[in-house]
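Protein chains get the first letters and strands the later ones, always in sequence-line order, with residue 1 at the start of each. On a predicted model such as this, the values are computed, not experimentally measured, just so you know. Note: hydrogens, waters and symmetry copies are ignored here, and every other heavy atom, side chains too, is used.
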Protein chains: 2
Amino acid sequence: MLNQLAELDRLFHALADPARRAMVERLSRGPAPVTELARPLPMSLPAAMQHLGVLEAAGLVRSEKIGRVRTCAIEPKAFGLAEQWIAARRTEWELRLDRLGEYLHSLEEGERDGSGD
Amino acid sequence: MLNQLAELDRLFHALADPARRAMVERLSRGPAPVTELARPLPMSLPAAMQHLGVLEAAGLVRSEKIGRVRTCAIEPKAFGLAEQWIAARRTEWELRLDRLGEYLHSLEEGERDGSGD
DNA sequence: GGGTTACTTAGGCATATGCTTAACCAATTG
DNA sequence: CAATTGGTTAAGCATATGCCTAAGTAACCC
């Protein structure tokens with residue numbers, strides 16, 4: 001439970017970088033080796049590897065090395081936690097705004113039916 | 001369009017910190033002044049203000065100062081972009097996995113109806 | 001007007017991040 | 001087996017981050 005805080009940290013932090021999101025976008029269309037992920041990025045291969053490490057640490061990507069090629073793939077489940085956190089906030093404020101709306105509505109009703117002005 | 005990259009950066013980065021998420025969680029339940037947002041956090045008020053600045057820069061929170069009290073509120077629309085980005089990735093890989101499933105299914109069909117080993 | 005409250009600004013420090021180049025290792029390939 | 005390809009490790013540097021304390025400003029309260 002407490003560990004989920006750190007997990008959300010890693011998750012959102014991993015997605016907060018354009019190079020890493022580009023990797024995720026590429027991997028959403030299918031697995032790819034490290035070199036292919038790095039090629040379009042404006043940085044050296046070691047730099048790209050570090051980004052990949054961040055994505056793996058966040059659990060968003062897994063990889064397996066066969067021969068000298070490391071093939072990376074997306075880990076769909078990992079995105080759920082981030083989506084859930086946002087969705088939970090949304091339900092909170094929607095509930096609150098609903099209640100506020102009802103309250104305002106009840107005021108209007110009261111006004112119509114009670115004292116004028 | 002290009003600007004959305006930086007916007008996603010700011011959005012995910014803003015959510016990648018437990019203090020900032022705590023503020024968002026509090027604000028999801030209703031508006032609050034700066035001091036109330038800062039009180040539960042294990043840091044000084046100026047530090048908390050910086051976090052608040054990050055949330056505002058990301059568009060997740062807006063605030064208005066009346067008298068000497070700055071009241072903060074959540075900006076529900078801002079979360080949409082983050083959710084949309086994740087949802088877009090999800091559709092990509094689901095589409096792909098569907099196609100893969102169909103392909104594997106067609107292989108099975110072909111095997112059943114064609115040569116037996 | 002003097003004290004308190006609520007925030008704001010400024011300066012500074014310690015650590016973390018993001019990148020680089022250089023060197024290294026291990027699997028192919030001619 | 002030498003050269004190439006794909007990846008990895010190491011060292012180092014420049015900048016950004018996250019926090020602090022101290023000092024300042026502006027509204028409200030007696």
Could you tell me how far apart [X] ([atom1]) and [N] ([atom2]) are, to the nearest whole angstrom?
{"X": "A:D9", "N": "C:dT17", "atom1": "CG", "atom2": "P", "result": "11 Å"}
{"X": "A:L41", "N": "C:dC19", "atom1": "CG", "atom2": "C1'", "result": "13 Å"}
{"X": "A:K65", "N": "D:dG6", "atom1": "NZ", "atom2": "C1'", "result": "7 Å"}
{"X": "A:H13", "N": "D:dA16", "atom1": "NE2", "atom2": "C1'", "result": "12 Å"}
{"X": "A:L45", "N": "C:dA22", "atom1": "CG", "atom2": "C1'", "result": "14 Å"}
{"X": "B:D17", "N": "D:dA16", "atom1": "CG", "atom2": "P", "result": "19 Å"}
{"X": "A:M49", "N": "C:dA22", "atom1": "CE", "atom2": "P", "result": "19 Å"}
{"X": "B:R70", "N": "D:dT25", "atom1": "CZ", "atom2": "P", "result": "18 Å"}

Of the listed D:dC19, C:dT20, C:dT8, the closest approach to the B:M43 side chain comes from D:dC19
If Ile, Leu, Val, Met, Phe, Trp and Tyr residues are connected whenever their side-chain heavy atoms lie under 4.5 Å apart, and connections chain through other members, are A:V54 and A:I74 in the same group?
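No, A:V54 and A:I74 fall in different hydrophobic clusters.
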Starting from A:V61, can I reach A:M43 by hopping between I/L/V/M/F/W/Y residues whose side chains sit under 4.5 Å apart?
yes
[X] near the nucleic acid: base, sugar-phosphate alone, or nothing, with a heavy-atom cut-off under 4.0 Å?
{"X": "A:R39", "value": "nothing"}
{"X": "A:P46", "value": "base"}
{"X": "B:A47", "value": "sugar-phosphate"}

Could you check B:P33 against B:Q50 and say which one's nearest nucleotide on DNA chain C is further toward the 5' end?
B:P33
Kindly say if [X] contacts the phosphate of [N], meaning a side-chain N or O under 4.0 Å from OP1 or OP2.
{"X": "B:S44", "N": "D:dC19", "answer": "no"}
{"X": "A:H51", "N": "C:dT17", "answer": "no"}
{"X": "A:R68", "N": "D:dT4", "answer": "no"}

Check this for me: does any side-chain nitrogen of one of A:R10 and A:E7 sit under 4.0 Å from a carboxylate oxygen of the other?
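Salt bridge flag = no for A:E7 with A:R10.
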Which label fits A:W93 and B:F79: parallel for a plane angle under 30°, tilted from 30 to 60°, or perpendicular past 60°?
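The arrangement is tilted - the two ring planes meet at 30° to 60°.
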Does any N or O in the side chain of A:R20 come within less than 3.5 Å of the main-chain N or O of A:A14, such that one atom is a donor and the other an acceptor?
yes
